[in-house]
Asks: 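Dropping the structure in here first, questions after.
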Amino acid sequence: MDLTFLGTGGSVPTTKRNTVSMALRPGPEVLLFDCGEGTQRQLMASTVSFMRISRIFISHHHGDHFLGLPGLVQSMNFYGRTGPLDIYGPQGTGELVSSILRLGVFDLKYTVNGHDLAPGDRVVGDGYAVEAFRAEHPLPALGYVFQEDDRPGRFDPQRALALGVREGPDFSRLVRGESVVADGRTVEPGMVMGPPRRGFRMVYSGDTAPCEELRRAAAGADVLVHEATVASDLEAKAREFGHSTARDAALLAREAGVGTLYLVHISGRYDDAAPLLEEAAGIFPNTVVPNDLDSFILRPDP
Ligand SMILES: [Zn+2]
Ligand SMILES: [Zn+2]
């Protein structure tokens, strides 16, 4: 499972940072979170195949989070996409997607579905669910929790051998959840498998001022991708526009006990993001300020 930051800048693109978008690959499919202008070109420069994007989650309707959709939708059409594409976002996203499909002249040959999500709504996928929560921004805005399903526990070969199971096909049967017979006795998978392993949890803040909903969603998350538009000397300005500082993000990460904090939506005023990293890492050491196209393995594939 990996996460690729396609755009890490806030509000407007700069030559260093495109506007926000990131691609999560929990398996063969790609989930996109936000889709700033130019995201398709960032995708082409990355190892993520844009034809594999199955679902796009938009945090809110400010242009820096969705203006990449029209181009991406039309390019998928150009390259012969046939499978449906689902685009989710806050209230009004269905209408937003309809207007994108009316832009310009093109003959759409696949289905694009727009969905309005309310806080608490869940989208259930193959092996995961994505849940929306309310973010604190001047317009309807959502953050998202990606929650992987719990995985089966680890197989304990020593325990199996002790129960008389022979190494070989019977081991595979037990791992698949089938019982086997050894020395005339039935051995159930539960006797040789450890406890289920908690699924991976990634939380994306979208644009938001610090808020209780985000704090709750982030509790115990493996990864928190949090906006950090500015440093704390500009906190008043951040609040005025419903944004967070690097300090806000780090405080929340520490309180929520997350694994790793990634800061995105960096204002174009920072040619060098070192002050943001320094500020956050002083509070929450496991902080990363990714650059565009940086990719992180969240967990080795099983
Ligand atoms: Zn924004
Ligand atoms: Zn915004």
Side-chain angles (χ1 to χ4, degrees), residues 1-4 22-33 47-49 51-57 82-86 88 111 113 115 117-133 143-204 216-225 256-262 286 295-302:
M1 188 178 332
D2 62 14
L3 177 66
T4 302
M22 56 185 185
L24 176 69
R25 283 190 283 201
E29 72 179 306
V30 177
L31 307 179
L32 203 64
F33 292 87
T47 60
V48 179
S49 160
M51 294 299 265
R52 290 198 176 208
I53 295 171
S54 54
R55 296 185 157 110
I56 303 177
F57 297 90
T82 52
L85 175 67
D86 289 285
Y88 305 85
T111 311
N113 306 303
H115 307 267
L117 294 181
D121 282 354
R122 291 177 87 222
V123 176
V124 178
D126 184 14
Y128 66 85
V130 175
E131 185 171 327
F133 62 89
Y144 293 103
V145 178
F146 166 87
Q147 178 68 61
E148 183 191 26
D149 295 350
D150 285 346
R151 294 175 303 142
R154 286 186 206 285
F155 175 64
D156 181 349
Q158 297 309 324
R159 179 95 189 103
L161 291 170
L163 289 166
V165 182
R166 285 218 187 84
E167 203 173 335
D170 278 355
F171 272 28
S172 313
R173 287 191 187 101
L174 287 163
V175 171
R176 281 200 304 266
E178 299 165 23
S179 53
V180 301
V181 176
D183 298 339
R185 282 181 315 183
T186 302
V187 177
E188 303 286 351
M191 297 158 75
V192 295
M193 302 293 289
R197 285 170 289 168
R198 203 173 59 91
F200 197 88
R201 185 176 178 90
M202 183 194 89
V203 175
Y204 172 45
R216 247 194 326 252
D222 300 282
V223 162
L224 171 62
V225 180
V258 307
T260 309
L261 170 66
Y262 295 92
N286 206 11
S295 192
F296 298 86
I297 292 175
L298 302 181
R299 198 193 56 217
D301 290 328

Asks: Considering residues at least two apart in sequence or located in another chain, which fulfil the salt bridge (Lys or Arg N to Asp or Glu O under 4.0 Å) criterion with Arg52?
Replies: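 Residues passing salt bridge (Lys or Arg N to Asp or Glu O under 4.0 Å) with Arg52: none at all.
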
Asks: If you compare all heavy atoms of Ala218 against all heavy atoms of Val203, which two are closest, and at what distance to 0.1 Å?
Replies: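 Looking at all heavy atoms of both residues, the shortest contact is CA-CG2, 4.0 Å.
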
Asks: Once side-chain hydrogen bond (donor to acceptor under 3.5 Å, both in side chains) is applied, what residue pairs with a partner in residues 175-192 remain, sequence neighbours excluded?
Replies: Arg176-Glu178

Asks: Going by side chain to side chain contact (heavy atoms under 4.5 Å, CB included), name the residues that satisfy it together with Gln158, two or more places apart in sequence or in a different chain.
Replies: Asp156, Leu161

Asks: Could you tell me whether the side chain of Arg201 and the main chain of Val258 form a donor-acceptor pair under 3.5 Å?
Replies: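 Pair absent, no side-chain N/O of Arg201 close to backbone of Val258.
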
Asks: Quick one: which residue pairs count as a side-chain hydrogen bond (donor to acceptor under 3.5 Å, both in side chains) with a foot in residues 117-131, not counting sequence neighbours?
Replies: Glu29-Tyr128, Arg55-Tyr128

Asks: Applying ring-ring contact (aromatic ring centres under 6.0 Å, His included) as the test, list every pair that has at least one member in residues 166-201; sequence neighbours left out.
Replies: Phe155-Phe171

Asks: Please list, chain by chain and in numerical order, all residues satisfying ring pair (Phe, Tyr, Trp, His ring centres under 6.0 Å) with Phe33, sequence neighbours excluded.
Replies: Phe57

Asks: Using side-chain heavy atoms (C-beta onward) and a distance below 4.5 Å, is Val192 in contact with Leu163?
Replies: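 Yes, their side chains come closer than 4.5 Å.
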
Asks: Output all residues satisfying side chain to side chain contact (heavy atoms under 4.5 Å, CB included) with Asp150, sequence neighbours left out; order by chain, then residue number.
Replies: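 Expected list: Arg198.
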
Asks: Which is it for Val223 and Phe296 under the side-chain contact (heavy atoms from CB on, under 4.5 Å) test, yes or no, and what are the steps along the way?
Replies: CA-CA 11 Å; Val223 162; Phe296 298 86; over 6 Å; no

Asks: Take Asp86 and Val123 through the side-chain contact (heavy atoms from CB on, under 4.5 Å) test and state the conclusion after the steps.
Replies: CA-CA 10 Å; Asp86 289 285; Val123 176; over 6 Å; no

Asks: So do Leu3 and Val225 actually touch side chain to side chain, heavy atoms under 4.5 Å?
Replies: yes

Asks: Atom CD1 in Ile53, atom CG in Leu31: separation rounded to 0.5 Å?
Replies: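 CG of Leu31 is found 9.5 Å from CD1 of Ile53.
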
Asks: Quick one: side chain to side chain contact (heavy atoms under 4.5 Å, CB included) partners of Pro152, sequence neighbours excluded?
Replies: none

Asks: Could you report the tightest heavy-atom contact between Ala182 and Gly164, atom names first, then the distance?
Replies: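 Minimum heavy-atom contact is CB-O, 3.4 Å.
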
Asks: Rounded to the nearest 0.5 Å, how far does CG of Asp2 lie from CG of Leu298?
Replies: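 Here the rounded value is 7.0 Å.
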
Asks: Could you list the residues that satisfy side-chain hydrogen bond (donor to acceptor under 3.5 Å, both in side chains) with Arg173, not counting sequence neighbours?
Replies: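 With sequence neighbours excluded, Arg173 shows a side-chain hydrogen bond (donor to acceptor under 3.5 Å, both in side chains) to Asp170, given in chain and number order.
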
Asks: Working to the nearest 0.5 angstrom, can you tell me the gap between Asn286 CG and Thr260 OG1?
Replies: 4.0 Å

Asks: With a sphere of 6.0 Å drawn around CZ of Arg197, does it hold more than 12 non-hydrogen atoms of other residues, nucleotides or ligands?
Replies: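 Count over threshold, so yes.
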
Asks: Shortest non-hydrogen contact from Leu85 to Ser54?
Replies: CD1-O, 3.7 Å

Asks: With Thr47, which residues qualify under side chain to side chain contact (heavy atoms under 4.5 Å, CB included), at least two apart?
Replies: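 Only Arg25 meet the side chain to side chain contact (heavy atoms under 4.5 Å, CB included) criterion with Thr47.
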
Asks: Tell me, do Met1 and Met202 make a side-chain contact under 4.5 Å, heavy atoms counted?
Replies: no

